[in-house]
Amino acid sequence: MCNFSSSIPLGMYNIAAFLRSQLFLLPVLLFFYQENGLSVGDFYFIQGLIVFFAFLFEIPAGYLGDIFPRKYILVTAYVLFLARLGLWICFRGYEIILIGELLYACSKACFDSVSSSFIYDILKSNKEETKMVKAYSNFNAAMYIGTGIAALLGAGLYEKLGSHLLLSAEFIIYSTAILLLSLLPNAHIPTKDCITNIKERFKRFWVAVRYILKSRKYCYLVLFSGFMVGVSHFFFWSFQPLMKNSGINPSVSLTDLADSIGWDARVFGEATWNYLVSLNWLDYIKVMGVVIFINNIIRSSFSYMAASVAKKVSLFKLGNISFVLEIIGCAFSFVLMKMGHITPINCLLFIIFLCVCIGLQLMFTISHISRLHRLINPKIRSLSSSVNMMTGRLLTSFMLMSPKFLLKNEGAVKGIGVIDIFWIYAIIFIPIGLFFIYKIYKYNVKDDYSLMNVSDEKA
């Protein structure tokens, strides 16, 4: 078998993953929501709802990946997102945004449930399973790079060209990705021996849930990990409200394609080139795109360093550091916003600090999941990993949906401002986090299952 027999399909898959990450509206999603009459509270609520529906669809999506070839599930994930784009292109309004994001939640659950398994299927069909780490790293790198590039371009393009054109561009890009996926080999053919009905799958899932809940050395780490994931997601989706509240606004000018540059391809090409050449990068750092780009760079860097850090810093200490930094992040968010005016550079530096907090949380989660895989009962290892992921999604959805019922809408008398959310959450975070840390210390550090050296077999 040729050493490069898997390189072509995996390369095509990575390109499809790169194209999937071209979310030009991501850095200005709040502005797009407001175009459609939604508030900041709606922004938080819908992001939480996305995570909650992904949580609900986690087991059914995994079940579909067992009974159908995984290639078909991947194509389905992309098609669902394409339907979201088509809906947003043709219609406007709160309900349309909500339906589109629910389609995205289903798309995300389908993609997450089979993306890594599909890589392994291709490698296994060519007897190259030992290349899994490298192949999966390349796949994630393609998505990180794609997200970073889209973030850098998205905010500026939105300002110049408007949301309709960006949605149309995403539609074309995703259609190309679906074409690439259709050309990939169907490496996974389900057999009757590995197929279980959905009822049996739920039964096995609850066995894993009970196992973790009854095991004190796993239970509090899983809950703490999910709790920290929720805090980090709250920080990430707070970037846009924070920047908007501090006066950092890309001065959005919505223009229609037919009125501005027409349908002539040459004129369109010249307009795009002139825009890129004349872009004022000093002003551009004020927009959300650069922040998301920085966030992706920091996330990928901390992910890369996780293995080496785990050999020198215990999981318990890493969790403590991450927890303390996120409390500081909440405190700084409140204090800086209460100052009345933040310069763009100060706001950007503070958000970079929050990105570091998110990176540390990711490093902790990677180390925790690695430990879970080493110690957990092999019969329920994959299901236990799902329990851990679903715990994070459930807590994330709660943290993101709560501001909808607390924030004050425009013109309303009741409710609180975006600034006040951070000190309220800090008051909630601190006792819950300290409780989990105490339990982790009590049942892991003092027992034989020490976390002080996570590279040991017992760690």
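All figures in this text were calculated on a predicted structure; none of them were measured in a lab. We number each residue from 1, following the sequence as shown.
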query = With S232, which residues qualify under side-chain hydrogen bond (donor to acceptor under 3.5 Å, both in side chains), at least two apart?
reply =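 Once residues adjacent in sequence are excluded, the partners of S232 under the side-chain hydrogen bond (donor to acceptor under 3.5 Å, both in side chains) criterion are E326, Q361.
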
inquiry  = Run the side-chain hydrogen bond (donor to acceptor under 3.5 Å, both in side chains) test against E101 and tell me which residues pass, sequence neighbours left out.
reply    =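 In terms of side-chain hydrogen bond (donor to acceptor under 3.5 Å, both in side chains), with neighbours along the sequence ignored, E101 is linked to Y33, R84.
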
request  = Report the residue from K124, E128, K127 that forms a side chain to side chain donor-acceptor pair (under 3.5 Å) with S6.
outcome  =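 For S6, the side chain to side chain donor-acceptor pair (under 3.5 Å) check succeeds only for E128.
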
Can you find a heavy atom in the side chain of [X] that is under 4.5 Å from one in the side chain of [Y]?
X	Y	value
L74	R70	no
L395	V229	no
F68	T76	no
S225	F364	yes
P9	Y13	no
L80	Y104	no
L19	T176	yes
Q47	H233	no

Measure the [atom1]-[atom2] distance between [X] and [Y] for me, rounded to the nearest 0.5 Å.
X	Y	atom1	atom2	value
M363	I358	CE	CD1	14.0 Å
S168	I172	OG	CD1	7.0 Å
L38	F32	CG	CZ	9.5 Å
L184	D121	CG	CG	12.0 Å
L394	L56	CG	CG	8.5 Å
F52	L102	CZ	CG	11.5 Å

Nearest atoms (heavy-atom pairs only) where [X] meets [Y]:
X	Y	result
L325	C357	O-SG, 3.5 Å
C110	F57	SG-CE2, 3.6 Å
L181	K71	O-CE, 3.2 Å
F18	A142	CD1-O, 3.6 Å
S175	L82	OG-CD1, 3.7 Å
S163	Y158	CB-CE1, 3.6 Å

request  = Would you please test R20 and S115 for side-chain hydrogen bond (donor to acceptor under 3.5 Å, both in side chains) and show each step?
outcome  = CA-CA 12 Å; R20 179 184 182 273; S115 56; over 6 Å; no

query = Got a sec, which pairs hit salt bridge (Lys or Arg N to Asp or Glu O under 4.0 Å) with one end in residues 392-401, sequence neighbours left out?
reply =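 Found E58-R393, D112-R393.
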
query = What do the steps show when you test V75 against S182 for side chain to side chain contact (heavy atoms under 4.5 Å, CB included), and what is the final call?
reply = CA-CA 7 Å; V75 171; S182 67; 5.5 Å; no

request  = Would you check if the distance from the ring center of Y78 to the ring center of Y174 is below 6.0 Å?
outcome  =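 Ring-ring flag for Y78/Y174: true, centres closer than 6.0 Å.
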
Main chain of [Y], side chain of [X]: is a donor-acceptor contact present, judged purely on distance under 3.5 Å?
X	Y	value
N14	G11	no
S107	L103	no
S322	L318	no
S402	M399	no

request  = Specify whether F429 and F227 have parallel, tilted or perpendicular ring planes, treating 30° as the upper limit for parallel and 60° as the lower limit for perpendicular.
outcome  =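 Geometry flag for F227 against F429: perpendicular rings.
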
inquiry  = Surrounding CZ of F398 (heavy atoms of other residues, nucleotides or ligands, distance under 6.0 Å), is the total greater than 12?
reply    =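 No, CZ of F398 has 12 or fewer neighbouring heavy atoms, counting only those of other groups under 6.0 Å.
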
ask   = How about F353: does its CZ atom have over 12 heavy atoms from other parts shown lying under 6.0 Å from it?
value =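 More than 12 within 6.0 Å, yes.
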
query = Where do W88 and I97 land on the side chain to side chain contact (heavy atoms under 4.5 Å, CB included) test, with the steps shown first?
reply = CA-CA 7 Å; W88 285 2; I97 295 296; 3.8 Å; yes

task = Go through the steps for L23 and F81 under the test side chain to side chain contact (heavy atoms under 4.5 Å, CB included), then give the verdict.
result = CA-CA 11 Å; L23 305 173; F81 193 89; 3.4 Å; yes

message = Run the side chain to side chain contact (heavy atoms under 4.5 Å, CB included) test on L400 and I50 for me, step by step, so that the C-alpha distance in whole Å, both residues' side-chain angles and the decisive distance to 0.1 Å come before the verdict.
response = CA-CA 10 Å; L400 288 177; I50 292 171; over 6 Å; no

